[in-house]
Amino acid sequence: MSTPANFKSDFLQTLQARGYVHQISHPDELDVAAAQTAEGGAPIAAYIGFDATATSFHVGNLVSIMLLRRLQQAGHKPIVVMGGGTTKVGDPSGKDATRQLLTHEQIQSNIDSLKTTFAKLLTFGDGPTDAIMVDNDEWLSKLGYIDFLRDYGVHFTINRMLTFDSVKLRLEREQPLTFIEFNYMLMQATDFLELSRRYGCTLQMGGSDQWGNILNGVELIRRVDQKPAFALTTPLITTASGAKMGKTASGAVWLNADRLSPYDYWQFWRNTEDADVGRFLKLFTDLPLDEIARLEALQGAEINDAKKVLANEATALLHGRAEAEKAAEAAHAAFVQGGVSADLPSIDVPAAALSPGIPLDTLALDAGLATSKSEARRLAQGGGLRVNDKAEPDATRLITAEDIGEGGVIKLAAGKKKIVLVRIV
RNA sequence: GGGGGAAUGUCCCGAGCGGCAAAGGGGGCGGACUGUAAAUCCGCUGGCUACGCCUUCGUAGGUUCGAGUCCUACUUCCCCCA
């Protein structure tokens with residue numbers, strides 16, 4: 001299953017040390033291949049497939065993306081496969097419900113949006129270790145059914161496919177598993193084979209839930225082409241208290257800045273549980289391990305310093321150093337000094353609206369601090385809604401020009417962490 | 001093919017004699033304590049033009065002053081017999 005330590009190659013050593021490894025197939029063979037690169041051998045080309053079901057990635061996808069980054073850092077070649085073709089089919093992935101199928105256009109526009117994230121974390125180009133991006137729709141959509149069955153279908157037995165968890169789970173719960181979904185794993189195996197032939201790709205990586213799917217590809221390549229092929233999966237990343245990662249005060253932790261601001265992204269990392277700091281530093285920042293060890297050793301309130309480093313580094317990777325610093329300063333102003341900073345999230349309100357005044361619940365709704373006026377009122381009654389740092393129990397109160405405070409803005413807060421500035425324009 | 005169950009607050013699980021905005025969890029949010037942590041304790045957890053009104057219990061009808069609750073048909077799922 002899992003692997004002995006003591007890898008020779010930089011790549012696997014790093015992955016092991018930083019907590020990326022869950023399972024590896026043929027670990028020794030892969031280690032040798034990876035080590036040869038340093039001695040003048042060819043870089044390893046490795047790929048990870050990504051679904052194109054949303055317009056932005058989520059922190060849950062970040063491990064995989066960072067994994068490609070590590071690969072490139074170790075002198076190998078990352079291949080990003082966008083699942084334009086497989087997204088048309090849908091991975092059964094253990095869920096009970098059949099996934100909603102997306103249109104061609106939706107998938108394409110999702111892919112365009114997702115590309116921007118990769119551009120920040122990987123170096124693309126034509127060089128031997130430059131990353132490339134391909135869409136599996138390119139070959140999958142051209143597959144003829146009869147040819148597909150004859151060329152690939154013969155290598156898969158139903159008996160075997162029925163043993164995979166993704167399939168087994170559905171069947172055990174007697175939930176429907178459609179034929180289209182059942183074919184997902186064949187398509188993924190086909191991807192790997194195709195990439196092996198086109199780019200000499202020898203390694204497919206992914207989350208631990210992809211292990212079975214990846215092995216199918218490994219076996220297909222080894223059987224059909226007698227070429228080397230390897231599988232490597234990452235563990236499912238959860239928080240120390242067992243929750244799956246990826247919630248913040250503002251909802252899901254998106255990687256695109258238009259869906260989650262750098263400030264909120266910074267806050268997400270800043271609020272990491274104590275027990276997770278070291279693990280997350282290793283996975284989600286480029287800091288050297290000895291530096292991480294030092295931060296990890298901090299005790300008590302001092303561990304907050306480590307969380308700030310984590311927030312700074314993780315934000316800088318994704319949004320750039322400048323944005324990370326702005327977020328850090330905004331947070332410092334808001335939390336340490338209790339003041340306001342221009343970089344906090346804000347909304348604009350016309351000055352004219354303040355002469356009759358705006359009910360607080362309406363304003364809180366506009367600011368995104370509540371999803372309905374009723375919620376805003378409840379929040380206020382519970383003492384969680386603040387105007388200029390003063391709890392305001394009456395959400396129907398009119399907010400007027402008299403509430404304009406420091407810096408010419410009105411500071412609205414829901415709880416201690418969600419702050420929105422109301423700018424008068 | 002025959003027989004018997006089930007579907008509940010659009011996050012999930014789940015109780016519900018004909019008067020129900022609907023018990024109880026989980027999750028989430030807010031408060032207290034702390035360190036913007038965890039654990040713990042407390043409160044909230046349909047909407048609105050808000051002492052009132054509107055929309056919710058698989059779908060569509062019906063009985064009734066009144067239906068989540070009774071009846072009919074339909075849909076989907078589970079169990080038993082063939």
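Lettering follows sequence order; numbering is per chain, from 1. Note that these values count all heavy atoms, side chains included, but never hydrogens, waters or copies made by symmetry.
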**Report entry** Under-4.0 Å salt bridge between A:K411 and A:D389
**Finding:** yes
Report summary line: Per nearest nucleotide of RNA chain B, the residue lying toward the 5' end, A:D361 or A:T371, is A:T371
Query - Options B:C48, B:A32, B:G35, nucleotide nearest the side-chain atoms of A:K416 - result: B:A32
Query raised in the report: If you look at every strand shown and take non-hydrogen atoms under 4.0 Å, does A:I303 touch a base, only sugar-phosphate, or nothing?
Result: base
Report task. Please determine, for B:C70, whether a Watson-Crick or G-U wobble partner exists with both distances under 3.5 Å, and give it or none. Result -> B:G62
Query raised in the report: Residues two or more places apart in sequence or in another chain: which of them pass salt bridge (Lys or Arg N to Asp or Glu O under 4.0 Å) with A:E138?
Result: A:R198
Query raised in the report: If we take the P atom in both B:G43 and B:U55, what is their distance in whole Å?
Result: 32 Å
**Report entry** Separation of the C1' atoms in B:C12 and B:G27, to the nearest angstrom
**Finding:** 7 Å
Report summary line: By nearest-heavy-atom nucleotide on RNA chain B, the more 5' of A:L385 and A:L365 is A:L385
Query raised in the report: For A:T396, which contact category applies under a 4.0 Å heavy-atom criterion: base, sugar-phosphate, or nothing?
Result: nothing
Report task. Calculate the interatomic distance between A:D305 atom CG and B:G35 atom P; express it in whole Å. Result -> 14 Å
Query raised in the report: If only side-chain N and O atoms of A:R378 are considered, is one of them under 4.0 Å from the OP1 or OP2 phosphate oxygen of B:G28?
Result: no
Query raised in the report: Is the A:W269 to A:F284 ring centre distance short of 6.0 Å?
Result: yes
Query - N-glycosidic conformation, B:C20 - syn within 90 degrees of 0, else anti - result: syn
Report summary line: Which of B:A37, B:U36, B:U49 is nearest the side chain of A:K373? It is B:U49
**Report entry** Separation of the P atoms in B:G5 and B:A22, to the nearest angstrom
**Finding:** 30 Å
Report task. Could you work out the separation of B:G25 and B:C44 based on their C1' atoms and round it to a whole Å? Result -> 16 Å
Report task. Would you indicate what A:A331 reaches in the nucleic acid, counting non-hydrogen atoms under 4.0 angstrom: base, sugar-phosphate, or nothing? Result -> base
Query raised in the report: Any side-chain N or O of A:S372 less than 4.0 Å from the OP1 or OP2 oxygen of B:G47?
Result: yes
**Report entry** Rounded distance in Å between the P positions of B:C33 and B:C42
**Finding:** 16 Å
Query raised in the report: When you compare B:U69 with B:U63, how far apart are their P atoms, in angstrom units rounded to a whole number?
Result: 15 Å
Query raised in the report: Separation of A:L379 atom CG from B:G30 atom P, in whole Å?
Result: 7 Å
**Report entry** Backbone of A:T129 reached by a side-chain donor or acceptor of A:Q72 within 3.5 Å
**Finding:** yes
Query raised in the report: Taking OP1 and OP2 of B:G46, is either one under 4.0 Å from a side-chain nitrogen or oxygen of A:S374?
Result: no
Report summary line: Applying the 3.5 Å cut-off to both distances, the Watson-Crick or G-U partner of B:A32 turns out to be B:U40
Requested in this report: Figure out the CD/P separation between A:E392 and B:G30, and round it to whole Å.
Outcome: 18 Å
**Report entry** A:R377 side chain vs A:A395 backbone, donor-acceptor pair below 3.5 Å
**Finding:** no
Query raised in the report: A:I419 CD1 to B:U36 C1': how many Å, rounded?
Result: 9 Å
Query raised in the report: Any N or O donor-acceptor pair linking the side chain of A:Q267 to the base of B:U36 at under 3.5 Å?
Result: yes
Query raised in the report: Nearest of B:G31, B:C48, B:U36 to any side-chain atom of A:W266?
Result: B:U36
Query raised in the report: What form does the base of B:C41 take, syn (within 90° of 0) or anti?
Result: anti
Query raised in the report: When the C1' atoms of B:G68 and B:U56 are considered, how many whole Å apart are they?
Result: 10 Å
Query raised in the report: Taking the side chain of A:K417 as its heavy atoms from C-beta onward, which of B:U49, B:U36, B:G31 lies nearest to it?
Result: B:U36
Requested in this report: Pick the P atom in B:C48 and in B:A38, then give their distance to the nearest Å.
Outcome: 30 Å
**Report entry** A:K390 atom NZ, neighbour heavy-atom count above 12 within 6.0 Å
**Finding:** no
Requested in this report: Return the value, rounded to whole Å, for the distance between atom CG of A:D276 and atom P of B:A37.
Outcome: 14 Å
Query raised in the report: Counting only Watson-Crick or G-U wobble pairs whose two distances fall under 3.5 Å, which nucleotide matches B:G1?
Result: B:C81
Query raised in the report: Taking atom P of B:G28 as reference, at what distance in whole Å does atom CG of A:N271 sit?
Result: 14 Å
Query raised in the report: Is the closest basic N to carboxylate O distance between A:R397 and A:E392 below 4.0 Å?
Result: yes
Report task. Using atom CD of A:E273 as one end and atom P of B:A38 as the other, report the distance to the nearest whole Å. Result -> 6 Å
**Report entry** Presence of A:K418 side-chain N/O under 4.0 Å of B:C29 phosphate oxygens OP1/OP2
**Finding:** no
Query raised in the report: What does B:A15 pair with, Watson-Crick or G-U, if both distances are under 3.5 Å?
Result: none
Query raised in the report: Hey, are A:D286 and A:R69 close enough for a salt bridge, meaning a charged N less than 4.0 Å from a carboxylate O?
Result: yes
Query raised in the report: What's the CZ-C1' distance between A:R377 and B:G30, to the nearest Å?
Result: 18 Å
Query raised in the report: Does B:G27 have a Watson-Crick or wobble partner in any strand here, with both distances under 3.5 angstrom, and which is it?
Result: B:U45
Report summary line: For B:A22, the nucleotide meeting Watson-Crick or G-U wobble distances (both under 3.5 Å) is none
